[in-house]
Colleague: 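Sending over a structure as structure tokens; questions will come in a sec.
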Protein chains: 2
Amino acid sequence: MQVPLYQAKAEFFRMLGHPVRIRVLELLGEGPVPVRDLLAETGVEASNLSQQLAVLRRAGIVVSTRDGANVVYALAGPDVADLMRAARRILTEMLQGQAELLASLAVEGE
Amino acid sequence: MQVPLYQAKAEFFRMLGHPVRIRVLELLGEGPVPVRDLLAETGVEASNLSQQLAVLRRAGIVVSTRDGANVVYALAGPDVADLMRAARRILTEMLQGQAELLASLAVEGE
DNA sequence: TGAGCAATTGAAGACTTCTTCAAGTTGACC
DNA sequence: GGTCAACTTGAAGAAGTCTTCAATTGCTCA
């Protein structure tokens, strides 16, 4: 690997660092989804969604296939699905931890 | 939680999206580290490191304590250490998966 | 072939984040 | 107190990312 590992990791996390992209990846975690549905679920403008999908595609973590007039997206591999599950679990724990921290700070503050 | 979950997750990942911050978090995964050592390990300018540490502090995932003339940083809680371990594992798998993908593409291309 | 929907692309401006510099704070030691 | 080292802060310009618009491609169906 040419690029230093920290750099690669940072790039990867930065790629995850957008609400629409996260949402898309979680939806794809359940299975392939046509763009039309992603559009409906995320509620963003079509061109904006396309831009975000392009970021995910460039990162190689999703793939798109055409099905007639529609395009369907899917996670590029099972690793990605695992990753999303793990990220979800971790994040939930993490945010919960922070919520508790905030709660305890609020009590102290009184 | 007021902020939509996707937003919170995205912010969290964005916070991880910097090579110096990743490096720092991994070093702190082993235990508390004085700024002096972080400085030596990362090789960045002091003020730059301080800025990155401030980002991590604001996110609440590290804490700093003064020890005489030195400042020592540590992960804010055990959850964070777990998180870093999980992130490392996931990322390694992920990057490995990508490497394999690239390798197979290279073969196909010939 | 042409109308029309689905999705993507390119480009421009707004907005964030990074890096760097100079200045400030805090504690140790004389 | 004065000075030095360790670290942090604020601010400014450079660099990167987001959103949006208009234009484009690919497909279907008449």
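So you know, we letter chains A, B, ... as the sequences are listed, proteins then strands, and number each from 1. Below, each value reflects all heavy atoms present in this structure, side chains not excepted, and no hydrogens, waters or symmetry copies.
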Colleague: Give, for atom CD of B:Glu11 and atom CG of B:Leu16, the distance between the pair rounded to the nearest 0.5 Å.
Modeller: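 The CG atom of B:Leu16 is 12.0 Å from CD of B:Glu11, to the nearest 0.5 Å.
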Colleague: Taking for each residue the nucleotide of DNA chain D with the nearest heavy atom, is it A:Gly68 or B:Arg14 whose nucleotide lies nearer the 5' end?
Modeller: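 That would be B:Arg14.
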Colleague: Just how far, in rounded Å, is P of D:dT17 from NE2 of A:His18?
Modeller: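 Spelled out: NE2 on A:His18 to P on D:dT17 is 12 Å.
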Colleague: Under 4.0 Å from a heavy atom of chain A: give me the 5'-most and 3'-most nucleotides of DNA chain C that qualify.
Modeller: C:dA6 to C:dA11
Colleague: Within this structure, what is the CG-to-C1' distance between A:Asp67 and D:dC27, rounded to whole angstrom?
Modeller: 11 Å
Colleague: Sequence neighbours left out, cut at 3.5 Å: what donor-acceptor pairs do the side chains of residues 50-61 of chain B make with other protein atoms?
Modeller:
unit_1	atom_1	unit_2	atom_2	d
B:Gln52	OE1	B:Arg21	NH1	2.8
B:Gln52	NE2	B:Asn48	OD1	3.1
B:Arg57	NH1	B:Tyr73	OH	2.6

Colleague: State the CD-OH distance between B:Glu26 and A:Tyr6, to the nearest 0.5 angstrom.
Modeller: 6.5 Å
Colleague: Kindly state which residues belonging to residues 39-46 of chain A come within less than 4.0 angstrom of DNA chain D, counting heavy atoms of the residue only, listed by number.
Modeller: A:Glu45
Colleague: With a 4.5 Å cut-off on side-chain heavy-atom distances among I, L, V, M, F, W and Y, is there a chain of contacts connecting B:Val72 to B:Leu49?
Modeller: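 B:Val72 does not cluster with B:Leu49.
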Colleague: Between the protein and nucleotides 2-6 of chain D, which nitrogen or oxygen pairs come in under 3.5 angstrom?
Modeller:
none

Colleague: Below 4.5 Å, heavy atoms only, C-beta onward: do A:Thr65 and A:Val71 meet side chain to side chain?
Modeller: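 They are not in side-chain contact.
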Colleague: How long is the line joining CE of B:Met15 and C1' of D:dT17, in whole Å?
Modeller: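 My rounded result for the distance is 18 Å.
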Colleague: Whole angstroms only, please: what is the CZ-C1' distance between A:Arg58 and D:dC18?
Modeller: 13 Å
Colleague: Which ones in residues 47-55 of chain A lie close to DNA chain D, meaning a heavy atom under 4.0 Å from one of its atoms?
Modeller: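 Per residue number, the list reads A:Ser47, A:Asn48, A:Gln51, A:Gln52.
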Colleague: D:dT9 phosphate, OP1 or OP2: any side-chain N/O from B:Arg57 under 4.0 angstrom?
Modeller: yes
Colleague: Can you check the B:Asp37 CG to D:dC7 C1' distance for me, whole Å?
Modeller: 14 Å
Colleague: Please set out all donor-acceptor pairs under 3.5 angstrom arising from side-chain atoms of residues 27-47 of chain A, sequence neighbours excluded.
Modeller:
unit_1	atom_1	unit_2	atom_2	d
A:Glu41	OE1	A:Arg23	NH2	3.2
A:Thr42	OG1	A:Leu38	O	2.8

Colleague: Is B:Val63 close to B:Leu75 at the side-chain level, that is, under 4.5 Å between some pair of heavy atoms?
Modeller: no
Colleague: Rounded to the nearest 0.5 Å, how far does NZ of A:Lys9 lie from CG of B:Leu25?
Modeller: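 It is 10.5 Å, given to the nearest 0.5 Å.
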